[in-house]
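See structure below.
Because the structure is a prediction, the values reported are computed rather than measured. Just so you know, residue 1 is the first one in the sequence shown, and it goes up from there.
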Amino acid sequence: MAIEHVFLPVLLGDEMNAYGMARAFYEAYGVKPLALNHTNMEKIQQSDLWTFREIPRLHIEERFVTALKAIAEEFRDKKLLLLACDEFYVKRIVEHKEELAEDFLVPYVDATLAHQLLTRESMYELCAQFGFQYPATHVCTVNDYEDYNMPFDYPVVIKPMNMTKYATCIFPGKKKVYIAYDKDEKDSILRAIYKESAYRDDLMIQQYIPGEDANMRVVNAYIGQDGKAKLLAVGNPILEEHSPEGIGRYVAIMTTYHQELMDNVKLFLEAIQFQGFATFDMKYDDRDGQYKLLSIELHNELSNYYVTASGFNLMQYVANDYVRGSKQQLTYVRNKHLWTIVPNGVLFKYVQNEQLVMEAKSLIRQGMATDSIFNYKDMNAKRWLNVTLDNLSFYRSYKKYFNNKGLSNT
């Protein structure tokens with residue numbers, strides 16, 4: 001029996017991330033994943049590549065396992081591969097991994113290691129043991145923010161550490177991530193968050209690494225059930241989003257090859273007995289010639305599709321590992337490819353490195369570029385209209401928010 005008839009991917013969370021994963025599954029196997037509890041984003045929900053379903057209160061702790069077990073009973077004739085598309089659902093899955101593993105294939109580490117990697121302080125402490133460098137960092141709380149004296153120089157990046165709770169807060173001037181260039185600006189941001197909103201969790205204050213968007217690197221890895229690395233890729237984000245609600249999100253990535261970065265990630269993940277997907281965000285620091293680790297994510301983001309577009313389908317690795325039980329050799333991605341979700345006009349105007357603009361134009365001319373959202377094979381009339389309108393909005397957004405200071409250190 002063909003693999004598409006015996007398994008079903010079940011995707012939880014962020015709809016933009018889920019779309020790239022659904023597209024990859026469909027391209028590899030012709031299977032349409034089941035996407036649960038996504039928000040009303042029409043250009044995504046109108047896709048023909050998945051089945052969308054809203055499950056009331058799935059995010060509630062007491063409801064989570066019960067609801068998923070009902071899904072498992074409904075599709076008991078299939079192998080169900082459970083994947084999170086955002087950090088919230090990664091945490092939910094690992095917290096209940098033992099129960100969920102009775103009905104689902106669950107390609108995640110246990111809760112202890114997952115939380116260690118998803119908590120910045122403990123993640124940095126662990127990674128430092130393996131030679132990773134990271135920016136100077138401080139955790140600020142609602143109790144000490146007024147008396148906080150920074151031990152490092154400006155500018156600094158300020159970011160809520162509980163993005164799930166922060167997302168529900170509404171207040172003037174709200175941004176996903178902030179940058180402060182002096183003490184007055186820092187104090188103003190902290191007061192706005194803690195006095196004008198309901199947010200009471202911790203804030204991360206981190207020394208800003210100067211440099212344009214193109215100084216970023218993202219390393220994507222898949223580690224098999226046997227604890228061995230199967231796929232490693234390095235992307236060079238050449239443009240990020242700069243709007244308040246999306247700041248720091250990659251919108252264009254060019255694959256590159258960096259043996260040392262991939263070797264370091266491989267050594268680290270195998271040593272800590274990791275399994276599943278991991279995404280490492282780093283930034284090159286011109287001041288000391290070092291790549292600084294910013295974050296590690298255990299869910300697939302929309303930008304991870306750059307690996308699939310380069311010819312190495314990320315979802316195929318997890319399905320072949322967990323569904324087929326295939327033996328897979330280690331692959332380092334070398335193929336050059338451009339991934340983007342913005343129009344070419346935005347790309348050419350706002351990428352600051354002229355050499356990268358020339359490379360991007362060359363890849364586009366050679367047919368080695370992919371827009372994972374503007375998918376011609378998934379384009380009914382309504383979806384085409386919504387995707388087109390959204391693309392046009394990028395021109396307005398970059399004109400309004402883009403500045404040469406950048407904000408890559410997120």
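- Around the CD atom of Gln273, the shell of radius 6.0 Å holds no more than 12 heavy atoms that belong to other residues, nucleotides or ligands.
- Using the six-membered ring where Trp is involved, Tyr208 and Tyr181 have ring planes that are perpendicular, over 60° apart on the 30 and 60° scheme.
- A side-chain N or O of His337 and one of Thr370 form a donor-acceptor pair less than 3.5 Å apart.
- A cation-pi arrangement is not found for Lys195 relative to Phe171, the charged atom failing to lie both closer than 6.0 Å to the ring centre and inside a 45° cone about the ring normal.
- Side-chain atoms of Tyr26 and Asp378 form no donor-acceptor pair, as typed in the model, at a separation below 3.5 Å.
- Checked against Ile209 for a side chain to side chain contact (heavy atoms under 4.5 Å, CB included), the options Asp286, Leu294, Asn215 give a single hit: Leu294.
- For Phe7 and Tyr322, the ring centers sit 6.0 Å or farther from each other.
- Checked by atom type and distance alone, the side chain of Asp144 pairs as donor or acceptor with a backbone atom of Thr141 at under 3.5 Å.
- His138 pairs by the ring-ring contact (aromatic ring centres under 6.0 Å, His included) definition with Tyr148, not counting sequence neighbours.
- When all heavy atoms of Leu83 and Ile93 are compared, the closest pair comes out as C-CD1, 4.3 Å.
- Among pairs with a residue in residues 329-343, those fulfilling salt bridge (charged side-chain N to carboxylate O under 4.0 Å, His left out) read Lys336-Glu359, at least two apart in sequence or across chains.
- Using a 4.5 Å heavy-atom cutoff, the side chains of Met161 and Asp201 are not in contact.
- Ring-plane geometry between Tyr332 and Tyr257 is classed as tilted, the angle between the planes lying from 30 to 60 degrees on a 0 to 90 degree scale.
- Of the possible polar contacts, one joining the Tyr199 side chain to the Asn162 backbone as a donor-acceptor pair under 3.5 Å is found.
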Just distance, no hydrogens or angles: give the donor-acceptor pairs under 3.5 Å from side chains in residues 304-311, sequence neighbours left out.
from   : atom 1 : to     : atom 2 : distance (Å)
Asn304 : OD1    : Thr279 : OG1    : 3.4
Asn304 : OD1    : Glu301 : N      : 3.1
Tyr305 : OH     : Arg23  : NE     : 3.0
Tyr305 : OH     : Glu27  : OE1    : 2.7
Tyr305 : OH     : Glu27  : OE2    : 3.0
Tyr306 : OH     : Val218 : O      : 3.4
Tyr306 : OH     : Asn220 : OD1    : 2.7
Tyr306 : OH     : Ala233 : O      : 3.4
Tyr306 : OH     : Gly235 : N      : 3.1
Thr308 : OG1    : Leu314 : N      : 3.1
Ser310 : OG     : Tyr306 : O      : 2.7

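- Between Phe130 and Phe268, the ring planes are perpendicular. Angles over 60° get that label, and only those under 30° would be called parallel.
- Just one residue in the list Thr340, Ile253, Leu347 forms a side chain to side chain contact (heavy atoms under 4.5 Å, CB included) with Ile238, and that residue is Leu347.
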- Step by step, work out the side chain to side chain contact (heavy atoms under 4.5 Å, CB included) result for Val333 and Leu231. CA-CA 8 Å; Val333 175; Leu231 181 68; 3.7 Å; yes
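- Using a 30° and 60° split on the angle between ring planes, Phe280 and Phe132 fall in the parallel class, below 30°.
- In this structure, Tyr376 and Phe374 have perpendicular ring planes: the angle between them is above 60°, well past the 30° mark.
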- Message: Using side chain to side chain contact (heavy atoms under 4.5 Å, CB included), reason through Tyr250 and Asp281 one step at a time and then give a plain yes or no.
- Response: CA-CA 11 Å; Tyr250 303 141; Asp281 288 305; 2.7 Å; yes
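- The aromatic rings of Tyr124 and Tyr134 lie parallel to each other, their planes meeting at an angle below 30°, with 60° marking the opposite boundary.
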